[in-house]
Amino acid sequence: MIYTLSCGPTPDPYDYYISFFSPYTKGGGYEPFYYTALTNFFGNPTPSEETANVADWQNYAGNGITVKDIRECIYTYPKEQLSAIAEGSAALPDSVKRNTFAQFLGKEKNREAARYLLFAKSCEPAVTREDQWTAPQRNNVLMEALYKEGLELHDKVKDKDIRDRYSFQLIRLRHYSRQYGEAVASFDQLFGEKERASLVYYKALALKAGGLYHLKDSVQSAYLFSRVFDKAPSLRLSCFTSLMWTNASMEQVYPLCKDNHEKAMVAAIYGFTNPEPDVTAIRRVYAFDPASPALNILLGREINKLEDAYFSPLLGEGGTDMVGIRENPPGERSRMLAKLNELQTVTDSLVQKGKLKDADLWLVSSAYLSYIRKDYPAAAQQLAAVRAKDPEVKDQWEIVGLLVNINQQKTIDSTFEAKLLPSLKWFDTKTAGIGNYWNRAWDGSDDKRFAFGKIYRNLLFAILAPRYHQQGELVKESLIRGRCDSLNMNDYFVSGQTSLDQINNDMKPATLIRLKEFLHQPGKTPYESYLAGFFPKGVNLDQAIGVSYVRLHDFSNARDWFKKAAPDALAVSYQVFHEQLQDFGEDTAAGPYNKAITQLQFCERMLQLQEKMKTAPVPAKVYYDYATALFSISYYGRTWYFVKGYRPSTSWYSPDCDKDAFEKQYFGCYAAESYYTRAAQASTDKEFRARCAFMAARCSQKRIVSRDDRDKYIHAWINNRYFPLLAGSYGETKFYQQAYNQCSYLRDYVKSTRKK
């Protein structure tokens, strides 16, 4: 036994459970608070702070100024460039001269805006840090000088919007120089009580909230953070984090709220902290403000929590079970159903009250909850009552309707496939051009399309593929999996079996032959042609069929199919006929074993050995070579890849393996053991017979079943049925001494018998 400590892949925190409900539906601006149990926040809010700032500047400058030029000027131009623009210099690079925002700033009437940007650029080093890993170094002398300069500029400026921006810079300088009382007072003096609609106002208000926190007024601080959270989507993530740092309770914050809308937002913020299924926050927010946009986020979170808790991504062996509620112990199942029913009851009751802002979304959500409960007639009835015009809600309606229709269909036949095809093509329009999931644009621009991609993938591998498997239509199951693979959305923890995995590792010869015939047959239906168009490129079915026959030890048919395959499609071995005394090592050229043996040549050699076995007396070496080859292509052999596309380290023998002809030999090594014993019986050479006995012992040892009782488990390893023969009859051979020195189980057996 080899014990290792190692790390492995970790789940994608945005895609680790099966989901058919997109959190993006009517959730814009609240992206950090979509549900995930694997990271603190789901994503960045929209718009980003940079985007919101650029939008503010565009509103100030007018529509003739492009967003691209504003972003380029503010975020890429160095201080020297901004200084030249503010001074009206004619000696500007051509790229700057072409920039519409630079042109705007260069005009005499807009010099105040240009001068402000130059000042803001001067402030950046004093109020930012190099990176998140470096502690900020505050230069109080510099900040004091900047404050005096900014105050003078603020008092001189005539433009109200630019004055507000100077006000923000002044408050920020006070805050980061740890003059929190002055920062709070500056906000009250410079902005007064009248609320603005600009980003800089809410950034300044957040600085006041932070100052109050440092001044130990945590409740007032929490309230102000909740106001910024409500009004400035780009600041929600930072304000949520800061609010949690205050440790104020929502009951303490409520009295400061001016109306029920503000109370609803406070309740929602605290509701976002709950990772467990719980409808309390939904009830609380609705009671304050039925039109609160946060209700949609809370609803989506509760649905996603249920999917995470009760939809299993482990869909049986090979992923052949349709996704559904996990078969949990009765107590856990009852708890799950209670949470599911509670959420649906609340959802339906709020819809009936008629005050929800996005009632159609809630109707569709209730239909989805009925689908999860497998009450398909109720789900269909609820969907029929929806008259959604909102595109996002209509998309979710389409998805739930498709799920219900598939599950209501007793058999997926050609008639239903014709109806299904437009839905698959509809998904194509939603996922067009997304590319590989791991090469996505991580700025959030592709998030909605990738959400559709994940839902489409889940529909294919967790609904349609298992359905075809249940119907015994393994060819179409493979085609569905091929379409799933083509989305490039596969994830190690969720995506189920790939088409290539199914073809290369699981399919029986007859099914693979039908698949090949299907792909070449004319007259396919449009649905079949659609799926066939996504069949994995580069798959050599002749080679795959040959491998499937090798798995059954049918080397004659395997040879015939390998002959049809292109030579470069065949795997190569060097040591498949070389005995393997230990369970590690690779099948590579080494020492005298440096001649390549293709899968075709392997089969031809096995057939030659079979022919020699038909004529008595059979040479012992014939049996031995045949046994060695069978062991080499087992799970434990170096040449396992002749029968499998991959070999997971977590697999091992269990009694269930004996139910499958391939797994019985792949994991159990019965035939290899039998031929090793025949080789021993056919020989009179003690050295050779000792070698045969040891190899037979290795085969036998593979069938030791793991036990809860550690002592009995170890006892089974030590008391191999062949060890008495090895120690008793061949103890004087050179091979026995070699085996004794390298096999700790044999040594333990010998030592245990000596004690007796």
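On a predicted model such as this, the values are computed, not experimentally measured, just so you know.
No more than 12 heavy atoms of other residues, nucleotides or ligands shown are found within 6.0 angstrom of CZ on R178. By the 6.0 Å contact criterion, CH2 on W397 is open, its count of non-hydrogen atoms from other residues, nucleotides or ligands being 12 or less. Other residues, nucleotides and ligands contribute over 12 non-hydrogen atoms within 6.0 Å of the NZ atom of K97. Atom CG of N63 sits in a sparse spot, with 12 or fewer heavy atoms from other residues, nucleotides or ligands closer than 6.0 Å.
No donor-acceptor contact under 3.5 angstrom links the side chains of Q344 and T347, judged on distance only. Q179 and S177 share a donor-acceptor pair across their side chains, judged by distance under 3.5 Å alone. Side-chain atoms of T46 and E31 include a donor-acceptor pair closer than 3.5 Å. Defined by atom type and a distance below 3.5 Å, a donor-acceptor pair is present between the side-chain atoms of N304 and E307. S19 and K454 are not linked by any side-chain donor-acceptor pair at a separation below 3.5 angstrom, with hydrogens and angles left out of the test. Under 3.5 Å, the side chains of S48 and T51 contain a donor-acceptor pair of N or O atoms. Checked by atom type, the side-chain pair Y116/D159 shows no donor-acceptor distance below 3.5 Å. A donor atom on one side chain and an acceptor atom on the other are found under 3.5 Å apart for D308 and Y16.
Here N110 contributes atom CG and Q103 contributes atom CD; the two are 12.0 Å apart, rounded to the nearest 0.5 Å. A distance of 9.0 Å separates OH of Y213 from OG of S242, quoted to the nearest 0.5 Å. Between the OH atom in Y35 and the CD1 atom in I297 there is a gap of 16.0 Å [rounded to 0.5 Å].
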Show, in sequence, the C-alpha distance, side-chain angles and deciding distance for R449 and K430, and conclude whether the side-chain contact (heavy atoms from CB on, under 4.5 Å) test is met. CA-CA 6 Å; R449 286 194 298 169; K430 297 295 181 179; over 6 Å; no

Yes or no on side-chain contact (heavy atoms from CB on, under 4.5 Å) for Y75 and V54, after CA distance, side-chain angles and deciding distance? CA-CA 10 Å; Y75 292 102; V54 169; 3.9 Å; yes

R227 and E262: CA distance, side-chain angles, deciding distance, salt bridge (Lys or Arg N to Asp or Glu O under 4.0 Å) verdict: CA-CA 7 Å; R227 299 306 309 127; E262 291 188 0; 3.1 Å; yes

Does the salt bridge (Lys or Arg N to Asp or Glu O under 4.0 Å) test come out yes or no for K339 and E302, once each step is laid out? CA-CA 9 Å; K339 292 294 183 182; E302 293 308 310; over 6 Å; no

Test side-chain contact (heavy atoms from CB on, under 4.5 Å) on I65 and I70; report intermediate values, then the result. CA-CA 7 Å; I65 312 302; I70 295 173; 3.6 Å; yes

Please step through salt bridge (Lys or Arg N to Asp or Glu O under 4.0 Å) for the pair K79 and E124, ending with a clear verdict. CA-CA 10 Å; K79 182 180 177 181; E124 279 183 6; over 6 Å; no

Determine whether Q382 and D348 satisfy the following criterion, side-chain contact (heavy atoms from CB on, under 4.5 Å), listing intermediate values before the conclusion. CA-CA 10 Å; Q382 289 166 304; D348 291 342; 4.0 Å; yes

Using the ring-ring contact (aromatic ring centres under 6.0 Å, His included) rule, take F20 and Y456 through it: C-alpha gap first, then chi angles, then the decisive distance, then the call. CA-CA 8 Å; F20 297 103; Y456 191 17; over 10 Å; no

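Salt bridge annotation for R163-E112: absent, with no cationic side-chain nitrogen under 4.0 angstrom from a carboxylate oxygen. D164 has a carboxylate O that lies under 4.0 Å from a charged side-chain N of K160, or vice versa, which qualifies the two as a salt bridge. Ion pairing between a basic and an acidic side chain is recognised when a charged N comes within 4.0 Å of a carboxylate O; D69 and R98 show no such pairing. Taking the charged nitrogens against the carboxylate oxygens, E152 and K156 do have a contact shorter than 4.0 Å, which makes a salt bridge. A salt bridge does not link K305 with E276: every distance from a Lys NZ or Arg NE/NH1/NH2 to an Asp or Glu carboxylate oxygen is 4.0 Å or more. A salt bridge links E108 to R111: at least one charged side-chain nitrogen sits closer than 4.0 Å to a carboxylate oxygen. One finds no salt bridge joining R387 and D360 here, because no Lys/Arg side-chain nitrogen approaches an Asp/Glu carboxylate oxygen to under 4.0 Å. Residues R174 and E144 are paired through a salt bridge, judged by an N-O separation under 4.0 Å between the basic side chain and the carboxylate.
The minimum heavy-atom distance linking F191 with A204 is given by the pair CE1-CB, 3.5 Å. Nearest heavy atom pair, residue A268 against residue A294, reads CB-CB, 3.5 Å. Shortest non-hydrogen contact noted between Q252 and N247 is OE1-O, 4.4 Å. The shortest heavy-atom contact between S167 and L190 is OG-CB, 3.6 Å. Between Y176 and R138, the closest heavy-atom pair is CD2-NH2, 3.4 Å. For the residue pair Y223 and C257, the shortest heavy atom distance occurs at CE1-CA, 3.7 Å.
Partner of L299 under the side chain to side chain contact (heavy atoms under 4.5 Å, CB included) criterion, out of L350, L356, L343, V279: L343 alone.
In this structure, F229 and F272 have tilted ring planes: the angle between them lies in the 30° to 60° band. Between Y34 and Y24, the two ring planes are perpendicular [angle over 60°; tilted spans 30° to 60°]. Between W57 and F101, the ring planes are perpendicular. Angles over 60° get that label, and only those under 30° would be called parallel.
Distance alone, capped at 3.5 Å, is enough to place a donor-acceptor pair between the T431 side chain and the F427 backbone. Judged by distance alone, with hydrogens and angles left aside, the side-chain atoms of T36 form a donor-acceptor pair with the main-chain N or O of P13 at under 3.5 Å. With R115 contributing its side chain and A86 its backbone, the two residues share no donor-acceptor pair below 3.5 Å. With hydrogens and angles disregarded, a donor-acceptor distance shorter than 3.5 Å links the side chain of Q396 to the backbone of S22. For the pair R236 (side chain) and G29 (backbone), a donor-acceptor distance under 3.5 Å is present. Remark: the backbone N or O of W362 is not paired with any side-chain donor or acceptor of S366 at under 3.5 angstrom. Between the side chain of D358 and the backbone N or O of L361, no donor-acceptor pair lies under 3.5 Å. The backbone N or O of D217 lies less than 3.5 Å from no partner atom in the side chain of S221, so there is not a single donor-acceptor pair. The backbone N or O of L118 lies less than 3.5 Å from a partner atom in the side chain of S122, making a donor-acceptor pair. Counting only distance, with no hydrogens or angles, the side chain of K208 and the backbone of I171 share no donor-acceptor pair below 3.5 Å.
For F41 and F240, the ring centers are positioned less than 6.0 Å apart. Taking the six-membered ring for Trp and the full ring otherwise, Y180 and H175 have centroids separated by under 6.0 Å. Checked against a 6.0 Å centroid threshold, the rings of F168 and F187 do not count as neighbours. The aromatic ring centres of F42 and Y14 sit less than 6.0 Å apart.
The salt bridge (charged side-chain N to carboxylate O under 4.0 Å, His left out) pairs that include a residue from residues 281-301 are R283-E342, where partners are two or more places apart or lie in different chains.
Y202 does not carry R196 over the face of its six-membered ring by the limits of under 6.0 Å from the centre and within 45° of the normal.
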